[in-house]
Amino acid sequence: MLKKLQGEWIITLKIKKMYLKLWLSILMVCGMAESIGSGKDWHISVPSKIPVLQGSCVVIPCKYVYPKKAKTLMTWRGYWKRGNTVVATNFPNVKLTDEFNHRSRIKGFLESGNCTWQLNHVRKTDTGPFYFKIEIPQYKSFTFSNNKVTLDIYRVPEPPIMSVAVLNELTATCKVTHACPSSPPKLFWSHTGMIETKSKKKNELLWTTMSTITFTPQEADFNKPLNCTVRFHGRKTTHSSVLLIK
Ligand SMILES: *[C@@H]1O[C@H](CO)[C@@H](O)[C@H](O)[C@H]1NC(C)=O
Ligand SMILES: *[C@@H]1O[C@H](CO)[C@@H](O)[C@H](O)[C@H]1NC(C)=O
């Protein structure tokens, strides 16, 4: 009687083990498919690729969540890394290499899950891949090595998009897209008039800066180009023009 019971017990255990194995492999497959890091409840949300103009700046949006509410009064430490090199940190004791010193800063408030990173004067060697690591004192550290960010650096800016409408007055708009909200591009017109320039967020990554000029066209303004010149942070320029025909 007792033996039989023991036998049953052992079988149950074996089945349980099989289930556990199966369950574990399902978990692993899910983890890989979602590529959310190997930890259970550590998630990060970063773009995988960002187009950036060489010489300009880029703000890499980043949000993360961690498994439990951590209670600590000590400063959390965040690191953006490329391989083993730290490229940005809020921890003052870590010296950045000359390559990244003075042009790289974690802008987000780490304690609220914001790991946003800004890189200025982007060089053609800044492609990455970059990843984020968080150290929560008296709790845990986590490296989000499965969610890397690469920068797609281009050298020649796209010309701005222009449009013109003429009623009694002429209204022209000129619009560019960029990734550097802290120093948006400057837009210049080849004509004088009432000029209004605005920047706004286009999506998680990109911003648009748009300038509108309004003036009353004179005879002399026709059969001449109206130009919009854009100067990006880092001084690269591009322009578009429209010919005003009567
Ligand atoms: C994260 O921080 C950056 C820089 O301070 C800020 O612009 C952005 O809005 C923040 N993102 C969120 C989701 O709070
Ligand atoms: C406007 O642009 C054209 C070429 O697109 C150029 O030839 C012309 O000199 C420019 N005019 C001004 C006033 O900038």
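Counting starts at 1 for both ligands and their atoms, following the listed order.
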Can R103 and D98 be counted as an ion pair, charged N to O under 4.0 angstrom?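 Not counted as a salt bridge, because no side-chain N and carboxylate O are separated by less than 4.0 Å.
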Y131 six-ring centre to K148 NZ/CZ under 6.0 Å and within 45° of normal: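 Here K148 passes the 6.0 Å and 45° test against Y131.
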F130 ring centre to R82 NZ or CZ under 6.0 Å, with the angle to the axis within 45°?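 No, R82 does not sit over the ring of F130.
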Return yes or no for this condition: an N or O of S190 is under 3.5 Å from an N or O of ligand 2.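 Between S190 and ligand 2 (N or O atoms, distance only) the closest approach is not under 3.5 Å.
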Any side-chain to backbone donor/acceptor pair from [X] onto [Y]? Under 3.5 Å, distance only.
| X | Y | answer |
| --- | --- | --- |
| N90 | G78 | yes |
| T150 | S48 | yes |
| S56 | L53 | no |

With atoms numbered from 1 as shown, which atoms in ligand 2 lie under 4.0 angstrom from a non-hydrogen atom of S241?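 Reading through ligand 2 atom by atom, the close ones are 5 (O).
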Contact bool for [atom] (protein heavy atom, d < 4.0 Å):
| atom | answer |
| --- | --- |
| atom 2 (O) of ligand 1 | yes |
| atom 11 (N) of ligand 2 | yes |
| atom 14 (O) of ligand 1 | yes |

Answer yes or no: does an N/O atom from N114 fall short of 3.5 Å to an N/O atom of ligand 1?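 Yes; the residue has a nitrogen or oxygen that sits under 3.5 Å from a nitrogen or oxygen of the ligand.
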Check ligand 1 against G108 and write out every atom of the ligand that is under 4.0 Å from a heavy-atom position of the residue.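 Near G108, meaning under 4.0 Å from one of its heavy atoms, ligand 1 has 2 (O).
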Suppose I only count heavy atoms of K107 and a 4.0 Å limit; which atoms of ligand 1 are within that range?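 The atoms of ligand 1 under 4.0 Å from a heavy atom of K107 are 4 (C), 5 (O).
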Least distance between heavy atoms, Y64 atom then L110 atom: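 That closest heavy-atom pairing would be OH-O, 2.6 Å.
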Distance from atom 8 (C) of ligand 2 to nearest protein heavy atom, with residue and atom: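 For atom 8 (C) of ligand 2, the nearest protein heavy atom comes out as N227 ND2, 3.7 Å.
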Where is the nearest protein heavy atom to atom 4 (C) of ligand 2: which residue, which atom, and how far?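 Result: H239 NE2, 3.8 Å.
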